[in-house]
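Below, all heavy atoms of this structure are taken into account, side chains as well, without hydrogens, waters or symmetry copies. Predicted, not measured: the structure shown is a model, and the values here were computed from it. Each chain gets a letter, A, B and so on, in the order its sequence line appears, and its residues count up from 1.
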Amino acid sequence: MQIPAPFDYERASDVANALALLERHGPESRAIAGGHSLLPMMKLRLARPEWLIDINDLAELDFIRREGDQLCVGALTRHTALLESTEVAGLFPIVRDAELVIADPVVRNRGTIGGSLCQADPAEDLSTVCDVLRAKAVIRGPGGERIVPMSDFHRGPYETAVAQNELLCEIRFTIRPRSGSAYEKVERRVGDWAVVAAGAAVVLSADGTIEEAAVGLTSVGLDGTVGEAEAVLRGQQPQEDLFVEAARIAAAACHPVDDQRGPVDYKRHLADELTRRVLRRACVRATGAEEG
Amino acid sequence: MTTTQEHAPNPAAGDPNRPIGFGRIQRKEDPRFVRGKGNYIDDIVLPGMLHGAILRAPVAHARLVSIDTTEALAHPKVRAVITGKDLQGLNLAWAPTLSADVQAVLVTDKVRFQGQEVAFVVAEDRYAARDALELIDVEYDVLPPLVDARRALDPGAPVIRDDIEGRTDNRIFDWEVGDAAETEAVFATADVVVAQEVVYPRVHPAPMETCGAVADFDPVDGRLTLYETTQAPHAHRTLYAIVAGIPEHKIRIVSPDIGGGFGNKVGIYPGYVLAVVGSIVTGKPVKWVEDRSENLMSTSFARDYIMQGEIAATKEGKILAVRTSVLADHGAFNATAQPTKNPAGFFSIFTGSYDLKAAYCKVTGVYTNKAPGGVAYACSFRVTEAVYLVERMVDVLARKLDMDPAELRLKNFIKPEQFPYANKTGWVYDSGNYEPAMRLSMQMAGYEDLRREQREKRGRGELMGIGVSFFTETVGAGPRKHFDIVGLGMADGAELRVHPTGKAVVRISVQSQGQGHETTFAQIVAEELGIPPESIDVVHGDTDQTPFGLGTYGSRSTPVSGGAVALVARKVRDKAKFIAAAMLEARPEDLEWEKGRWFVKGDPSVGKTITEIAFAAHGTVPLPDGIDGNLDAEVTYDPPNLTFPFGAYICVVDVDAGTGQVKVRRFIAVDDCGTRINPMIIEGQVHGGLTDGVGMALMEIIAFDEAGNCLSSSFMDYLIPTAMEVPDWETGFTVTPSPHHPIGAKGIGESATVGSPPAIVNAIVDALAPFGVTHMDMPCTPARVWEAMQGRARPPV
């Protein structure tokens, strides 16, 4: 049994209460949802919060609902709920692609989308997913509510726009016709962090050209999406040459590091290979044809 | 002779679904496990029990300057803090290992690996014990570490074991076997010679339950009761008596339910000794249970062999000789568990399943700044490394000769009429019939169809590989004239009591860590006496309750203890004959045995069942001279030879050409372990071992950085396989009984761990053949496979 450093614990009853508790207990207090990142870090004594504010009772943050052209997902929504939602799979197949390869069922039953985004691990799959879907984060704090695009949400590894006394409450995705998305990850074993993963989302025009594109990469030190690759894709007919070029740009844009999961050149190769794969699949999905 | 019958048909056995003897029955121990009623070390709670925690070194190599325990001792819940200096006073700072070396219990002079034990805190609860570790102030003077075994013998390499007088380098031993000159002569004239460096990286058994102990020293009568995660309780008792000076009759070792061993729980760890010292110092029972990181960083690793392999053959593919030189990384202390005369374990079985003209190997063991250990993870005393080497080399040869690897093996097998077969390194293989097993595996796999599919896929640029391995194991150590561990002969005892109502208790010296002893050994007695297995209890794991013996590892339980149990049952059966004769007023020589009863020859209606005989034994029937009034017996079994199980494995993999990811699509395992006692348990053992094999082949490695930091100290970094990485196992069998074992059984516990890694790696290398790849080392992670595809395959260490 691995034993964390001593800490105190309180269970929040609603969002207002959670914010009050975070405020009261100050900078050494941390909100805990699924706990699948925070608890292992505490057990290894890499994280030593003095207070844990448990937000698992905040049922008001556990929802998936459509509002106009927005799909709104509560921050406390479990991975399993995202994985099993046919609405999510239909609108944003990339979410299902990613959820299928996030850890294992035990983790997915507890882990939440809000926790994943706030942990902001460079290998976090949902960060890339939300980046390429150009999602928006709804954050509440003592000063009220603010809405932050993903491009401003991420502030680097393990850092986000959510201040210590704030809570991420909701993630919003814009629903667009003729859109498609996909995610693919290479891991050493099921449940391992990504060696590299890639995500792509496209919106096609009525004439079949690419109107909007987003390309993101996981675990390779990329800040946000690959704008240069997206610019190349925009306005073009989806075809293999184009994907090859966009993937080449994406691979050149990332900054992988050598580690136990692989050397730099392999990771760069994967960035290229996986970008091509997800672009292909996203475009097929955008045309409404299910890939065989 | 080889058959495909699991065991002799036995009409007297009754309902085949409830065999009285050998056959498929559910495990007797499982109801308590599936109901959460197992009793593991951490379930043991004694009145007044305290808790220990170990402070471990953060660096790999450092002089210990000072330890300040003042603050830790001031913690309100801390009862004792023990340092190396305290142990020196008790003459316990160093303890002998199982390989004629010593190991520090707590550091006194310098740290020799990251994670080494530095101090021990005893506190009122385990939280306080853990917290108090942070209150101990240790000053280290960091030294340059020796991490790369290939540099261990360089002049100027840091000398790790400066505690040993006169030692000026890191060489532990040089060991050779076979005839070097004869082998050289064969190599010099051979048509074809292939050479390949083959690395078996350091891996870890990672049992589900980590190691732990509860020590309870009674200061009044001087008696030590030690609950431990041990695979060898009796051997531990003797060692504690020798090391700690506690009289052996005052020591009781209890090994309760054990959550996996795989060799990880053979040796004595500092934590066990520290729990004992903690109990002596505080006068209270002390529990110590390591956490996962401690288990991975400090307990017995496995493998870590860098092997230079060579094979000589004719151009027609007749293998003539195998030669190898090995650099063995033993870590900071030589704590390998192995029979005394075998510093490289049973590695000399690297001659494999082939009829060779010559063979030679040389093994050099070296110290490095890494955790000690070396024989663990279901390796059969290094048969795993040996089989991996020869089976990889045979594939390298097959590629060189452009021959099918299955065909090449079939061409070179030792022939059935050559058994018992004396190989070139001193083993006598007891029995074997290799071709039928190989043919069966090929038939189950649809080998020709698979090769056809592979050709088609290659035409489309898809990467599919088919890997073959054929292994011969050497297990069941062993005859006491050849095998001992620190002087203790490797025999095992058994005691059998049949109670008056015909229910029996058999007490054995080996200890189960999940192998199903409570079922298998009951079935052996059932087979011999005709008492249903459910009427036989198996007692094990408590030195006060069981006869002496060396324990469970190296697949020795069935070959050694299984022999003891069969013989003790036969002894009871023989005794029952005399009692039955007295009951029937017949002469013993006029009686005949059928399963469960003695009857009068020629008149089967007149007889007595074991149950009737058991009651009479304890009853009033006048007994012949020399027959005691019971139906009990005991034996100690000294096996005449080891046993040599074998098997033919075929693996099919698909490799993603774009990412290097390997998918094990199919795995066919044909095992021959002689007589099959409980086929269901055998299949379970095989499934587990094959899964181990996937882990080692694809993902497992205990890695270190240049500073000697262990990079694999949690399950986030030390990957073990899940159900997602393994296919549906396809198992088959042939039965070639051991001629010398009382029931012809050979042992199965490690066969699959030994045989599967080469099949998987051979399949991957086969898949990568279009890229010109002829070898790659484990673990075959996506990155390493991709590098091999780029022509940049590199050793993991």
Rounded to the nearest 0.5 angstrom, the CD-CZ distance for B:E725 and A:R188 is 11.5 Å
NZ of A:K43 to OG of B:S293, rounded to nearest 0.5 Å, is 10.5 Å
**Message:** Are there over 12 heavy-atom neighbours, none belonging to B:Y40, within less than 6.0 Å of that residue's OH?
**Reply:** yes
So, the part of B:L698 with a heavy atom under 4.5 Å from chain A: the answer is neither
message: For the CD atom on B:E706, are there more than 12 heavy atoms of other groups (residues, nucleotides or ligands in this structure) within a distance under 6.0 Å?
response: no
| query | Would the number of heavy atoms belonging to other residues, nucleotides or ligands and lying under 6.0 Å from CE of A:M1 be above 12? | reply | yes
A:D223 atom CG, neighbour heavy-atom count above 12 within 6.0 Å:
no
Student check: side-chain heavy atoms of B:E700 and A:R189 closer than 4.5 Å: no
**Message:** Would you say CZ of A:R96 has more than 12 non-hydrogen atoms from neighbouring residues, nucleotides or ligands within 6.0 angstrom?
**Reply:** no
So, the part of B:R784 with a heavy atom under 4.5 Å from chain A: the answer is neither
B:Q661 and A:K185 have their tightest heavy-atom pair at NE2-O, 4.2 Å
Whatever's closer than 4.5 Å to a heavy atom in chain A on B:E787 counts as side chain
Compare all side-chain heavy atoms of A:L44 with those of B:M716 and state whether any distance is below 4.5 angstrom.
yes
Min side-chain heavy-atom separation B:E134-A:R45 under 4.5 Å:
yes
Most contact-rich option vs chain B, by heavy-atom pairs under 4.5 angstrom, among A:V195, A:D265, A:L270, is A:D265
Taking the side chain as every heavy atom from C-beta outward, state whether B:R792 and A:Y266 have any atom pair closer than 4.5 Å. no
If one checks every heavy atom of B:P779 against chain A at 4.5 Å, the contacting part turns out to be neither
Correct closest heavy-atom pair for A:G262 and B:A783 would be CA-CB, 3.6 Å
Looking only at B:D131, B:T210, B:I701, B:T781, the option with the highest number of non-hydrogen pairs under 4.5 Å against chain A is B:D131
Heavy-atom closest pair (B:P782 atom, A:E187 atom, distance to 0.1 Å) is CG-O, 3.9 Å
Student check: side-chain heavy atoms of B:T659 and A:E273 closer than 4.5 Å | yes
Turns out that what part of B:D42 lies under 4.5 Å from chain A's heavy atoms comes down to neither
**Report entry** B:W786 backbone acceptor or donor facing A:H269 side chain under 3.5 Å
**Finding:** no
Ranking A:L274, A:V186, A:D192 by heavy-atom pairs under 4.5 Å to chain B gives rank one to A:V186
Quiz prompt | Greater than 12 external heavy atoms within 6.0 Å of A:E228's CD | solution = no
